[in-house]
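Single-structure report; data block below.
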Amino acid sequence: MRSGHSTKLAALTGALLLTCATACAQGTGVAGVSTKAPVATATGATPEVTGTTPGATPTPEHQAGRPATDEPVQVPPPKLSKHKYVFPVKGCSTTYQRKLLVLPKTTIWAAKGCAFVSPVDGVVDEVNLQNRWRPSVDAGATREGRFVTVIGEDGVRYLGGHLDDIGDDIKPGTKVKAGQQLGTVGNTGNARDTAPNLYFAISWKTGPAYWWVRRGMVKPWDYLDAWQSGNSTLSPRAETFKLRGKVGETPSCTVQCAGKPPKKKTPKQDQDQGDSGGGQNDDQQEQPPPHTVPTTANG
């Protein structure tokens, strides 16, 4: 009996050792889970996982929808209006003020002879060919020297003053395109003793007598910044007409309205610099020249 019992015990021990050897050869993990990748079966292969380590954060290259580059994505500026604008000085290096000094206008510094162009499609409204400003009078209506105004298709009026000259084909009623040359940068008017520059102003259409409206009502530098940097559809229309609704079409002049009081002069003293000829008295100088309109005031 003891001999038979020992034989059965030996056989059972051998079977257990054989089973352990097989299992240990396969490798097991926690709770008997295999630590090796499963082998593909005949009915379907197990998907292969590459490039990641358990617990690791995926790299940008492996994240869905992320470009594998550090280059910035170029996004075009939004279209803000149906009108297209250009910077009013073309083909020259420029600088200009970006803050309110006296009047809501800006001075664009550029070399003499640089092209002043229409900032938008529109119609020429006023043209002043004569430089009639006199320092002895400093009349507001003549401070801008030679100038051109354009009523844009957006309904806004744009003025370019201190011009050296104006194109022969630029007349009231002439249709112009954005970027079309109207004149050249100069220093006429009360810019006589400064470097050449363009007096640029934004307002709305009024009669010629309301020169203080024409000289500028809306601060222009935000629009100039946009047009110069490529955002060609930023329009001053909304701001301009909102202000006109607030102050009225023909508000009273409140800043730099009066010139110098007239003085009695001898013929020799009555020869200030200018382009319209000497010998005229100051009262005559304040009258509008024939076939033109009064000029604007400067800041």
Discussion item. Do Val127 and Ile166 have side chains that approach each other closer than 4.5 Å (heavy atoms only, starting at C-beta)?
Written reply: yes
Worksheet item: Distance-only, no hydrogens or angles: does the Thr94 side chain make a donor-acceptor pair with backbone N or O of Ala110 under 3.5 Å?
Response: no
Item to complete: With rounding to the nearest 0.5 Å, note down the distance linking CD in Gln181 to SG in Cys114.
Response: 10.0 Å
Fill in: Intermediate values then yes/no, ring-ring contact (aromatic ring centres under 6.0 Å, His included), Phe87 and Trp227
CA-CA 5 Å; Phe87 194 80; Trp227 304 341; 8.0 Å; no
Worksheet item: Can you find a side-chain donor-acceptor pair between Thr107 and Lys105 that sits under 3.5 Å?
Response: yes
Worksheet item: Do Leu234 and Leu243 belong together in a cluster built from hydrophobic side chains that touch within less than 4.5 Å?
Response: yes
Discussion item. Pair Tyr85, Thr233 - check side chain to side chain donor-acceptor pair (under 3.5 Å), show working.
Written reply: CA-CA 6 Å; Tyr85 300 85; Thr233 61; over 6 Å; no
Discussion item. Determine whether a donor-acceptor pair (N or O, by modelled atom type, separation under 3.5 Å) exists between the side chain of Thr188 and the backbone of Gly145.
Written reply: no
Discussion item. Distance check, rounded to the nearest 0.5 Å: Asn190 atom CG versus Arg143 atom CZ?
Written reply: 6.5 Å
Worksheet item: What are the two closest non-hydrogen atoms of Leu224 and Tyr96, and how far apart are they?
Response: C-OH, 3.6 Å
Practice prompt. Write down the atom of Pro119, the atom of Tyr158, and the distance for their closest heavy-atom approach.
Written response: CG-CG, 3.7 Å
Worksheet item: Are Arg214 and Tyr210 in a cation-pi setup, meaning NZ or CZ lies under 6.0 angstrom from the ring centre and within 45 degrees of the ring axis?
Response: no
Worksheet, complete the sentence: Output for pair (Leu198 CG, Leu163 CG), nearest 0.5 Å, gives 6.5 Å
Item to complete: Mind running side-chain contact (heavy atoms from CB on, under 4.5 Å) on Val102 and Gln256 for me, showing each step along the way?
Response: CA-CA 9 Å; Val102 179; Gln256 291 189 341; 3.7 Å; yes
Fill in: Cluster link Ile151 to Ile202, ILVMFWY, side chain under 4.5 Å
no
Fill in: Intermediate values then yes/no, salt bridge (charged side-chain N to carboxylate O under 4.0 Å, His left out), Lys82 and Glu153
CA-CA 10 Å; Lys82 65 179 181 180; Glu153 289 185 352; over 6 Å; no
Worksheet item: Is there a side-chain contact between Val123 and Val176, using heavy atoms and a 4.5 Å cut-off?
Response: no
Discussion item. For residues Val89 and Val86: do they belong to one hydrophobic cluster (side chain heavy atoms under 4.5 Å, members Ile, Leu, Val, Met, Phe, Trp, Tyr)?
Written reply: no
Fill in: Verdict with reasoning, Arg157 to Asp125, per side-chain contact (heavy atoms from CB on, under 4.5 Å)
CA-CA 8 Å; Arg157 176 168 59 183; Asp125 185 44; 4.3 Å; yes
Discussion item. Tell me if a side-chain donor or acceptor on Arg244 pairs with a main-chain N or O of Glu249 at a distance below 3.5 Å.
Written reply: no
Discussion item. Same cluster or not: Val255 versus Leu159, using hydrophobic residues (I, L, V, M, F, W, Y) connected whenever any side-chain heavy atoms lie under 4.5 Å apart?
Written reply: yes
Item to complete: Decide side-chain contact (heavy atoms from CB on, under 4.5 Å) for Trp211 and Thr206; before the verdict, give the C-alpha distance in whole Å, the side-chain angles of both, and the deciding distance to 0.1 Å.
Response: CA-CA 8 Å; Trp211 51 266; Thr206 57; over 6 Å; no
Worksheet item: Do NZ/NE/NH1/NH2 and the carboxylate oxygens of Asp138 and Lys260 come within less than 4.0 Å?
Response: no
Worksheet entry | Heavy-atom pair with the smallest gap, counting every atom of Leu182 and Ile170 | O-CG1, 3.6 Å
Item to complete: Under the side-chain contact (heavy atoms from CB on, under 4.5 Å) rule, what do Thr250 and Val213 come out as? Steps first, then yes or no, please.
Response: CA-CA 7 Å; Thr250 55; Val213 176; 5.7 Å; no
Worksheet item: Do Tyr223 and Val218 come within less than 4.5 Å of each other through their side chains, counting heavy atoms only?
Response: yes
Discussion item. Nearest 0.5 Å, please: how far is CD in Glu239 from CZ in Arg237?
Written reply: 13.5 Å
Item to complete: Classify the ring geometry between His162 and Tyr199 as parallel (under 30°), tilted (30 to 60°) or perpendicular (over 60°).
Response: perpendicular
Discussion item. Give me the atom names and distance for the closest heavy-atom approach of Asp154 to Pro236.
Written reply: OD2-CD, 4.3 Å
Fill in: Path from Val117 to Val124 over hydrophobic side-chain contacts below 4.5 Å
no
Discussion item. Using modelled atom types and a 3.5 Å cut-off, is there a donor and acceptor pairing between side-chain atoms of Ser232 and backbone atoms of Lys84?
Written reply: no
Discussion item. Main chain of Thr194, side chain of Asn187: is a donor-acceptor contact present, judged purely on distance under 3.5 Å?
Written reply: yes
Worksheet item: Is a donor on one side and an acceptor on the other found under 3.5 Å between the side chain of Ser229 and the backbone of Asp225?
Response: yes
Discussion item. Checking Arg146 against Asp165 for the salt bridge (charged side-chain N to carboxylate O under 4.0 Å, His left out) test, could you report, in this order, the C-alpha distance in whole Å, the side-chain angles of both residues, the deciding distance, and whether it holds?
Written reply: CA-CA 7 Å; Arg146 298 187 183 94; Asp165 62 25; over 6 Å; no
Worksheet item: Does a side-chain heavy-atom distance below 4.5 Å link Phe116 with Val148?
Response: yes
Worksheet item: Are Leu103 and Arg215 close enough that some pair of their side-chain heavy atoms sits under 4.5 Å apart?
Response: yes
Discussion item. For a quick test of reading the model, state the closest non-hydrogen atom pair linking Gly189 to Asn131 and the distance between them.
Written reply: N-OD1, 2.9 Å
Discussion item. Distance check, rounded to the nearest 0.5 Å: Phe200 atom CZ versus Thr106 atom OG1?
Written reply: 9.0 Å
Worksheet item: Measuring from Gln97:CD to Lys219:NZ, what's the distance to the nearest 0.5 Å?
Response: 11.5 Å
Worksheet entry | Donor-acceptor pair, side chain of Asn197 and main chain of Ala195, under 3.5 angstrom | yes
Worksheet entry | Distance-minimising heavy-atom pair for Pro220 and Pro104 | CD-O, 4.1 Å
